[in-house]
There are 2 protein chains.
Amino acid sequence: MANILAVDDEPAILAIIQNVLGKDGHRVTAVQDPRCIPAEGLARYDLILLDVMMPHLDGFALCKKLRACVDCPILFLTAKTDESALVQGLETGADDYIGKPFGAAELRARVSAHLRRETREHFVSLAFAGAHFNLSSRQLVVGEGGPPTNLTKSEYAICEFLARNQGQVFSKEQIYENIFGLDGASSDTTIATHIKNIRAKLDAQGYAPIKTVWGIGYKWDD
Amino acid sequence: MANILAVDDEPAILAIIQNVLGKDGHRVTAVQDPRCIPAEGLARYDLILLDVMMPHLDGFALCKKLRACVDCPILFLTAKTDESALVQGLETGADDYIGKPFGAAELRARVSAHLRRETREHFVSLAFAGAHFNLSSRQLVVGEGGPPTNLTKSEYAICEFLARNQGQVFSKEQIYENIFGLDGASSDTTIATHIKNIRAKLDAQGYAPIKTVWGIGYKWDD
DNA sequence: ACTATTTTTAAAGAATTGATAAAGATTTTG
DNA sequence: CAAAATCTTTATCAATTCTTTAAAAATAGT
């Protein structure tokens, strides 16, 4: 299950995408006007689908802009099927280029392949000097072969999010948005309290990976 | 530049691959008989290209076997262009499926896209001779791979502003306005004090990029 | 030597974080 | 289905850190 952003000026195409990928359990956010892409909270998407030919904004230019601030797979989904367009698309930083008319099965398979790859890479990389995440059982193990830390769902989610973006600083709002979605309006103290509780549990095991960056937020540093 | 393994029973195709990708500086190892794939040293390949229909061994089965012990991108390159074959190919663990006859440009673009993704830059940075800014984590690192300088929010903001406009001189008022907005009425000493504190921290690391332009203001010069 | 400007010092004021505790949700258990 | 346990969110306040200010000392230019 993944968060997917789909941008296309044709509502019919958006509906198909939403239908096809929804069946696989993904949450699809459909945007018809590329100018309305949420600037904040882009980080919470696991994959982005883009049309090339849209009014108001060129898909290639949009891809370049998105790529500058986003790390997830970007896939073009377009009627422009000539090879030079494909090359141009991939060179703007996209990861795949699917020609219309596309089959539902191909769309599903390609989206799955890209998502699978993300987890494949992350699985290997989510081990640190002082601890490692067991991503399938959603547990954090401090040290070597010890018992898993007894974190709650939210606490684990915060840890995994910060750890996946090791070194990067996030504000409390950003953390909340990335974990609970944009809708949830929360006070700063929510995340602050979670962080405090996480630190209490990890400190008890002699592990302190969450650093405060004063005035900005928190980061995972191990 | 990458190590690429290409498996295809047709020598002509292998030659084309070797020629096309060789021009991009990649080292292509060509294997005509899938049974001869080196069991050892598979990990040294950054990307694998597979044919589907080969004598002696099915490409899909081969992909599954490879995927079990290898983490790099696997791309099918095949004449079987129907959708169900594509879906089957991606489901065996491959990352892409390119139909023959393929254009040289498409092959290059797709291979580059997959390699690029492996090493995708997670942090946007602003680099100078003696230091670089990690813009995503809002940190200034002096020298090569050293620890980030411990700057406060305002101090970092001033540094980034001056650095972004390298060489340009700004008065204290201009600096204050650009960072805190027009509304903030501040005395000159506010910025002067910040500059002093920044210099103290950077001087301690043997780095002095902020120059005073007497009677005018300050500039970043590195 | 004089003046204007910058740098330093030191301390008051403002903002942010961390800790404590308790109310509101949710899930588990009997 | 209700009670109990657990988790999430909120409010409040102390502790910490940062920002701003005022005034003295140092420095550059004329």
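Values below: all heavy atoms of this structure, side chains included; hydrogens, waters and symmetry mates excluded. Chain A is the first sequence line, chain B the second, and so forth, proteins listed ahead of strands; every chain is numbered from 1.
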Residues Arg67(A), Asp95(A): salt bridge by 4.0 Å N-O rule: yes
Respond yes when some side-chain nitrogen or oxygen of Lys172(A) is under 4.0 Å from OP1 or OP2 of dT17(C), and no when none is. yes
Length of the line joining Ile195(A):CD1 and dT8(D):C1', which is rounded to integer Å: 14 Å
Euclidean distance, atom CD1 of residue Ile198(A) to atom P of dG18(C) [Å, nearest integer]: 12 Å
What's Ala192(A) touching, base or sugar-phosphate or nothing? Going by heavy atoms closer than 4.0 Å. nothing
Pair His114(A), Asp96(A): side-chain N/O donor-acceptor within cut-off below 3.5 Å: yes
Rounded distance (Å) that lies between atom C1' of dT8(D) and atom CD1 of Ile158(A): 10 Å
Give a yes/no on whether any side-chain N or O of Tyr218(A) is located under 4.0 angstrom from OP1 or OP2 of dT17(C). no
Any heavy-atom pair between the side chains of Ile37(A) and Leu62(A) that's under 4.5 Å? yes
Phosphate OP1/OP2 of dT19(D): any Ser154(B) side-chain N/O under 4.0 Å: yes
Report the distance from atom CG of Asp188(A) to atom P of dT16(C), rounded to the nearest whole Å. 9 Å
Output yes when at least one side-chain N/O atom of Thr190(A) is less than 4.0 Å from OP1 or OP2 of dT8(D), else no. no
Under 4.0 Å: is that the gap between some side-chain N or O of Thr212(A) and OP1 or OP2 of dG18(C)? yes
If you measure from CG on Leu151(A) to CD on Gln139(A), what distance do you get to the nearest 0.5 Å? 9.0 Å
Output the rounded distance in Å from CD1 (Ile216(A)) to P (dA15(C)). 17 Å
I want to verify a distance call: between dT6(C), dA15(C), dA19(C), whose nearest atom is closest to the Lys196(A) side chain? dA19(C)
Glu173(B) CD - dT20(D) P separation (whole Å): 14 Å
Any chance CZ of Arg199(A) has more than 12 other-residue heavy atoms, nucleotides or ligands included, within less than 6.0 Å? yes
Does Arg199(A) put a side-chain nitrogen or oxygen below 4.0 Å from OP1 or OP2 of dA19(C)? no
Using whole Å, report how far OH of Tyr176(A) lies from C1' of dT8(D). 9 Å
Please confirm whether the shortest side-chain N or O distance from Thr193(A) to OP1 or OP2 of dA19(C) is below 4.0 Å. no
If you check the Trp214(A) side chain, which of dT17(D), dT20(D), dG29(D) turns out closest? dT17(D)
What nucleotide among dT6(C), dA11(D), dT19(D) has an atom nearest to a side-chain atom of Thr152(B)? dT19(D)
Grab the CZ-P distance between Phe180(B) and dA14(C) for me, whole Å please. 16 Å
